Amino acid sequence: MENIRVDFNRPVPLGNEYEYMRQAIESGHISGDGDFTKKCHAFLESELGVNKALLTTSCTHALEMSAILLDIAPGDEVIIPDFTFVSTVNAFVLRGAKPVFVDVRPDTLNLDESKLEAVLTPRTKAIVPVHYAGVGCDMDSIMAIANQHNIAVVEDNAHGLFGKYKGKFLGTFGSMASQSFHETKNFTSGGEGGALLINDPVLAERAEIIREKGTNRSRFFRGQVDKYTWVDIGSSYLPSDILAAFLFAQFEQREKIQRHRKNVWEMYHAALKEWAGKNGVQLPHVPADCEQAYHMFYMLLPNLELRQKFIMYLRERGIYSVFHYLPLHLSDMGQGFGYKAGDCPITENISDRLVRLPFHNALTGSEQEQVIDAILDFSFA
Ligand SMILES: *Cc1c(COP(=O)(O)O)cnc(C)c1O
């Protein structure tokens, strides 16, 4: 049988995307904070129960806003899991902070909460947990340590929209959380996009100002001031309403998207469980108190050589699988901050072994069958 090409990711419209983009254009308001942006804000605020949601041009920019809102300054230290995307750390380094990398747990690949106390100093300003693969970090422990030492928590929830920890939505624990609507995430705003969720109401008004080039333009439009002016530092973090139109159409398909992703995840897990056990492959672990967001399906192969062979083997069968983050502490930037090999051994180990299988909103049953059949035929010899 001829193999079909199975993409790792394929962003697709699922409902009213084209219609809403057309409506946005015809409305005559396609810059930021138009009707569809407001609909997206209201949706996130009511579904998640957050104080305020603001769409941004990316998750990277939402993280940058959070660093400005916390007044991060040179000399401050910010605790980041070693296994994450560069934006999680870059947003704080841009403000002059020193990144303090903490290793991850070998079971969930999330920030290891048991290693937090040892790295706290009087200069620690923030902890930025990442809910890897949409599986919640141990937020009880992280929030307890943060509250005891008066340290802010910003959740990088790029993977975790609609996931829960102990029945409460991810992104609602810290004073703020970032979301990504990049084309590789569960929901996309047509390629690039993000949001800042603000749980601490004290931060809400300043967040609007920072997002609007440091002006009080949002208050002006609400009639709260009679002209708008430069009141703070800031930048242009608001996306076009055309992107919000695309995103709102995806939000409307929330149930369908999450149901599909759950099915894909459970199909991989059921089909590969026995094979994984026999071959020393570790499948994702979801703690009992977590409801995951079904962002990805990853596996840990026994070692780097087998992981590389596995990716090549699938590629020859038209199947596109990928590895993920490299340890931040070993990057050029990480080494520039004084880190060296051995500082975060779990991340060094799992980063070499991790592979992500094709996983997206349009993956078909026959594509998934082709992936599973190929995996079951892989030779570990
Ligand atoms: C995707 C991602 C980001 C960046 O998202 P953008 O919207 O592309 O800026 C940040 N953190 C994590 C954990 C991500 O997966």
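All ligand and atom numbering here is 1-based and tracks the order in the structure. Since we're looking at a predicted model, the values are computed, not measured.
- Only one option out of R211, R217, R206, K213 pairs with D232 in a salt bridge (Lys or Arg N to Asp or Glu O under 4.0 Å); it is R206.
- Residues passing the salt bridge (charged side-chain N to carboxylate O under 4.0 Å, His left out) test with D103, sequence neighbours excluded: none.
- With hydrogens and angles ignored, the 3.5 Å screen pairs no side-chain donor or acceptor of H295 with any backbone N or O of K185.
- Taken to the nearest 0.5 Å, the CD1 atom of I350 stands 9.0 Å off from the CD atom of Q282.
- The aromatic rings of F297 and Y268 sit tilted, their planes meeting at an angle between 30° and 60°.
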Once you restrict both partners to nitrogen or oxygen, which atoms of ligand 1 have a protein partner under 3.5 Å, and how far apart are they?
unit_1, atom_1, unit_2, atom_2, d
ligand 1, 5 (O), S180, OG, 3.3
ligand 1, 7 (O), C59, N, 2.9
ligand 1, 7 (O), S180, OG, 2.7
ligand 1, 7 (O), G193, O, 3.4
ligand 1, 9 (O), C59, N, 3.3
ligand 1, 9 (O), T60, N, 2.9
ligand 1, 9 (O), T60, OG1, 2.5
ligand 1, 11 (N), D156, OD1, 3.4
ligand 1, 11 (N), D156, OD2, 2.7
ligand 1, 15 (O), H159, NE2, 2.7
ligand 1, 15 (O), K185, NZ, 3.3
ligand 1, 15 (O), Y325, OH, 3.1

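- Taking the centre and axis of the six-membered ring of F173, the NZ or CZ atom of K168 falls inside the cone set by 45° and 6.0 Å.
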